[in-house]
There are 2 protein chains.
Amino acid sequence: MQVTRAGEYGVLGLLHLARRGAGQVVMIDEVSREERIPKSFLAKIFQSLARAGLVRSNRGIGGGFALAKEPAEITTLDVIEAIEGPIAFQRCLEAPTECPHTGGCPLCGLFEQAQTQVRDVFSRTTLADLMKSRVPAAAPATSLKPRAPTPARAAV
Amino acid sequence: MQVTRAGEYGVLGLLHLARRGAGQVVMIDEVSREERIPKSFLAKIFQSLARAGLVRSNRGIGGGFALAKEPAEITTLDVIEAIEGPIAFQRCLEAPTECPHTGGCPLCGLFEQAQTQVRDVFSRTTLADLMKSRVPAAAPATSLKPRAPTPARAAV
DNA sequence: TTCAAACAGGACCAAATCGGTCCTGAATCG
DNA sequence: CGATTCAGGACCGATTTGGTCCTGTTTGAA
């Protein structure tokens with residue numbers, strides 16, 4: 001029941017790109033250094049993000065990564081699922097295979113509810129929201145609401 | 001991002017006890033057989049549940065396990081956390097250690113939201129609810145998500 | 001045209017977790 | 001006593017996590 005480091009690093013990395021400004025090309029090396037994420041690992045993570053179309057990559061001198069969309073159009077769900085694959089609380093929720101438990105398994109409904117809630121939270125929060133929500137590091141954690149007013153977002 | 005088999009088996013096992021009636025003492029062997037859960041594994045899981053005070057155990061002839069509370073007083077969160085430990089989406093949410101990321105980590109708030117949602121879903125659903133929600137393979141359940149009507153289940 | 005910078009991608013790896021099994025031991029009942 | 005039933009720990013194989021490393025391939029500039 002955890003978001004993996006890879007997922008976490010992915011969001012952090014994209015957030016770094018977002019802060020550097022839209023369209024800005026940034027090298028893995030910088031992101032790695034400033035966000036304190038192992039470079040090789042981050043490189044691998046960004047590969048997934050590139051394949052998912054969340055970033056564009058450029059090779060060679062002056063190369064690096066840039067966001068492929070506006071920060072407000074990239075949800076944390078996009079990022080996490082690009083890296084970890086679809087969020088699925090249980091096997092029965094990811095495959096068409098039937099639940100093997102006695103008579104209509106009562107748990108599937110429950111797991112599905114939980115899963116939906118999580119996906120909702122992540123799909124409502126974009127990189128833009130996270131940028132706004134940065135807390136001043138010393139203040140006694142005001143409100144942990146990363147905002148919600150993202151209107152019409154086509155979740156997934 | 002999954003509920004482990006152990007957690008799932010735990011809920012299923014307690015649900016079995018609940019169905020057998022309050023106070024009923026049932027042997028691991030029966031639960032294992034009828035719920036199709038490996039016996040040794042289930043025994044281990046029930047140890048956790050006993051330690052958490054969710055079931056009472058009796059040894060010797062005529063022994064077995066019985067619910068320690070009313071089904072309506074045992075939430076699925078109780079069960080899952082008794083087995084898997086506290087639900088924590090991220091390290092920063094389980095320990096007092098600080099998030100190591102640049103300036104107040106914006107992710108903690110997000111993960112906390114997701115985590116809260118999940119815990120809410122599980123803490124709102126008791127064994128009694130799950131008993132009620134058993135879908136008779138055709139009747140449209142009201143409150144809980146109806147799930148696809150489980151058709152012919154194959155033997156294990 | 002060549003070279004170095006930068007990403008692409010796969011092989012590999014150690015450690016942790018998952019999903020169990022198995023064995024010994026202790027309690028309990030008849 | 002002895003059968004039964006749980007308690008608890010050791011152990012185990014497979015998978016996942018969290019990386020590293022090495023060999024490309026692309027690109028821009030000297």
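Note that the structure is predicted; figures quoted are calculated from it, not measured. Reminder, nothing fancy here: chain letters follow the sequence lines and each chain counts from 1.
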Checklist entry - Does any N or O donor sit under 3.5 Å from an N or O acceptor when you compare the side chain of Arg5(A) with the base of dT17(D)? => result no

Item to check | 4.5 Å side-chain heavy-atom contact, Leu15(B) and Pro106(A) | outcome: yes

Next on the checklist: Of the listed nucleotides (dC7(C), dA29(D), dC29(C)), which one gets closest to any side-chain atom of Ile61(B)?
Outcome noted: dC29(C)

Checklist entry - Touch check for Asn58(A), heavy atoms < 4.0 angstrom, all strands: base, sugar-phosphate only, or nothing? => result sugar-phosphate

Item to check | Phosphate contact (dG19(C) OP1 or OP2) by Tyr9(B) side-chain N/O below 4.0 Å | outcome: no

Checklist entry - Which listed nucleotide (dC6(D), dG18(D), dC7(C)) is nearest to the side chain of Phe65(B)? => result dC6(D)

Checklist entry - Between Lys39(A) (NZ) and dG19(D) (P), how many Å, whole number? => result 16 Å

Checklist outcome for this item: Taken to the nearest whole Å, CD1/Ile45(A) to C1'/dG18(D) is 9 Å

Next on the checklist: What is the distance, to the nearest angstrom, from the CD1 atom on Ile37(A) to the P atom on dG19(D)?
Outcome noted: 10 Å

Item to check | Separation of atom CD in Glu30(A) from atom P in dA5(C), rounded to whole Å | outcome: 17 Å

Next on the checklist: For DNA chain C, which residues of residues 46-57 of chain B approach it to below 4.0 angstrom with any heavy atom?
Outcome noted: none

Item to check | Between dT26(D) (C1') and Met27(A) (CE): distance, integer Å | outcome: 16 Å

Item to check | Among dC7(C), dT5(D), dC22(C), the nucleotide that comes nearest once only the side chain of Arg59(B) is considered | outcome: dT5(D)

Next on the checklist: Can you say whether a donor on the side chain of Lys44(B) sits under 3.5 Å from an acceptor on the base of dT21(C), or the other way round?
Outcome noted: yes

Next on the checklist: Using heavy-atom distances to pick each residue's nearest nucleotide on DNA chain D, tell me which of Ala6(A) and Gly60(A) is more 5'.
Outcome noted: Ala6(A)

Checklist entry - Atom CG of Leu17(A) to atom C1' of dC7(C): distance rounded to whole Å? => result 14 Å

Checklist entry - Mind checking whether Phe111(B) and Phe122(A) have parallel, tilted or perpendicular rings, split at 30° and 60°? => result perpendicular

Checklist entry - Distance only, no hydrogens: is a donor on one side chain within 3.5 Å (strictly under) of an acceptor on the other, for Asp29(A) and Ser32(A)? => result no

Checklist entry - Are Leu17(A) and Phe46(A) side-chain neighbours, meaning at least one heavy-atom pair lies under 4.5 Å? => result yes

Next on the checklist: Rounded to whole Å, how long is the line connecting atom CG of Leu42(A) with atom P of dG9(C)?
Outcome noted: 16 Å

Checklist entry - Which listed nucleotide (dC6(D), dT21(C), dG18(D)) is nearest to the side chain of Phe41(A)? => result dG18(D)

Next on the checklist: Rounding to an integer number of Å, can you tell me how far Met1(A) CE sits from dT17(D) P?
Outcome noted: 13 Å

Item to check | Shortest non-hydrogen contact between Ile87(B) and Met1(A), atoms and distance | outcome: CG2-CG, 3.5 Å

Checklist entry - Salt bridge or not for Arg5(B) and Glu84(B), using N-O below 4.0 Å? => result no

Item to check | Side chain to side chain, Glu8(B) and Val11(B), heavy atoms closer than 4.5 Å | outcome: no

